[in-house]
Amino acid sequence: MSLNENIARERDERIADMVRTPTFLVVAGSLPGLAAATSLENGLAIGAVSAVAILSMALLAPVLRSFTGTWSRTAVMLMVSVTVTTLLGFAVRVIDPVVHESLGAYVPLASVNALAAAWMVGEGLVVAPAKSPLGTAVFAALSVLCTLTVIGFLNGMFTTGRVFGLTMAELASSPIAAFGKPVGSLLILALIAVFTQSIEQALGGRARGEADGAEGGER
C-alpha cells in the first residue's frame with residue numbers, strides 16, 4: 001500500500017512540475033483557439049479574445065472565490081467565463097464582422113482558458129518568470145496572444161502565399177504549404193513549445209550557475 005502511495009505521490013509531483021512551466025502555459029492556452037488561427041487577422045483576434053478572457057477571469061477570480069462555496073465555485077466561474085467570452089464575441093462582431101464570422105464557434109472556446117485562469121489565480125499557481133498568481137495569468141495571456149498571432153501569420157503565409165502584401169504563388173503550391181492546415185498548426189505549436197522550452201532550460205541553467213557561483217564565493 002505504501003509503495004502505491006509513493007508511486008502516486010511521485011506521479012503527482014511530476015505532473016505538478018510539468019504544469020508549472022511556461023511551455024505548458026503556451027501549449028495549453030493556445031490549443032482552444034488553434035484551429036481558428038488561419039490568418040494573421042484571425043490569429044490576432046482569437047489571441048486577443050483569449051488574452052482578455054484570461055485577464056478578466058484572473059481579476060474576477062478572487063471576488064468569485066470570496067462568496068462561492070466549494071461545490072458552487074466551478075459552476076459560477078464557468079457561467080461568468082462564458083459571459084465574458086460572449087461579450088468579447090459581440091465586441092469582435094462590432095469591430096470586424098468578417099473576422100467574427102471566420103472565428104465562428106472558437107470564440108466561446110476561449111472560456112476554457114478563462115476558467116483555467118480563474119482556477120490558476122484561485123489556487124495560487126505561480127509559474128516563473130512571474131512572481132504571483134496574477135502575474136502568471138498576465139504571462140499566460142501574453143503568451144497565448146503572441147503564439148496564436150504567430151501561428152495565424154504562418155498559416156496565412158503558407159496557404160495563400162501572401163506575405164506583407166506580397167504574393168508568392170510558389171510558396172502556396174509547395175509541400176511546405178501543409179503547415180497551413182490544421183495538422184500543420186499543431187506542428188507549428190510544437191516548434192513554438194520546443195523554442196519556449198529551450199529558453200526555459202537556458203534560463204534555468206543560468207540561474208543554477210549563478211546560484212552555484214554565489215555559494216562558491218561564500219565559501
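Heavy atoms only: backbone and side chains are in, while hydrogens, waters and symmetry mates are out.
Listed here is the closest heavy atom pair of Val84 and Ser56: CG1-CB, 4.0 Å. Nearest heavy-atom pair across Ala35 and Tyr106 is CB-OH, 3.4 Å. The minimum heavy-atom distance linking Ala45 with Val99 is given by the pair CB-CG1, 3.5 Å. Heavy atoms only, all atoms of each residue included: Ala53 and Ala114 are closest at O-CB, 3.6 Å. The shortest heavy-atom contact between Thr85 and Ala110 is CG2-C, 3.7 Å.
For the pair Leu44/Leu145, a side-chain contact is recorded, criterion being any heavy-atom separation below 4.5 Å from C-beta on. Phe139 is not listed as a side-chain neighbour of Thr136, based on a closest heavy-atom distance of 4.5 Å or more.
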Q: Output, in order, the C-alpha distance, side-chain angles, deciding distance and verdict of side-chain contact (heavy atoms from CB on, under 4.5 Å) for Val92 and Leu88.
A: CA-CA 6 Å; Val92 174; Leu88 291 173; 5.5 Å; no
Q: Could you please spell out the steps behind the side-chain contact (heavy atoms from CB on, under 4.5 Å) verdict for Val138 and Ile54?
A: CA-CA 8 Å; Val138 173; Ile54 289 173; over 6 Å; no
Q) Run the side-chain contact (heavy atoms from CB on, under 4.5 Å) check on Thr196 and Thr21 step by step: do they pass? A) CA-CA 10 Å; Thr196 305; Thr21 60; over 6 Å; no
Q. Should Met57 and Leu115 be marked as a side-chain contact (heavy atoms from CB on, under 4.5 Å) after you check the CA-CA gap, both sets of side-chain angles, and the distance that decides it?
A. CA-CA 7 Å; Met57 288 304 298; Leu115 185 61; 5.5 Å; no
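The structure places OG of Ser39 at 13.0 Å from CD1 of Ile151, a figure rounded to the nearest 0.5 Å. One finds the CG atom of Asn155 at 10.0 Å from the CG atom of Asn42 (value rounded to the nearest 0.5 Å). Here the CG atom belonging to Leu103 is positioned 12.5 Å from the CZ atom belonging to Arg93, to the nearest 0.5 angstrom. Atom OG in Ser50 sits 5.0 Å away from atom CG in Asn113 (nearest 0.5 Å). Between Leu31 atom CG and Leu186 atom CG the span is 7.0 Å, to the nearest 0.5 Å. Atom NE2 of His100 sits about 11.0 Å away from atom CD1 of Ile95, to the nearest 0.5 Å.
Note: the hydrophobic cluster containing Leu78 also contains Leu109 (ILVMFWY, side chain heavy atoms under 4.5 Å, direct or indirect links).
Within the 3.5 Å criterion, the main-chain N or O of Val144 finds no donor-acceptor partner in the side chain of Thr147. Counting only distance, with no hydrogens or angles, the side chain of Ser30 and the backbone of Val27 share no donor-acceptor pair below 3.5 Å.
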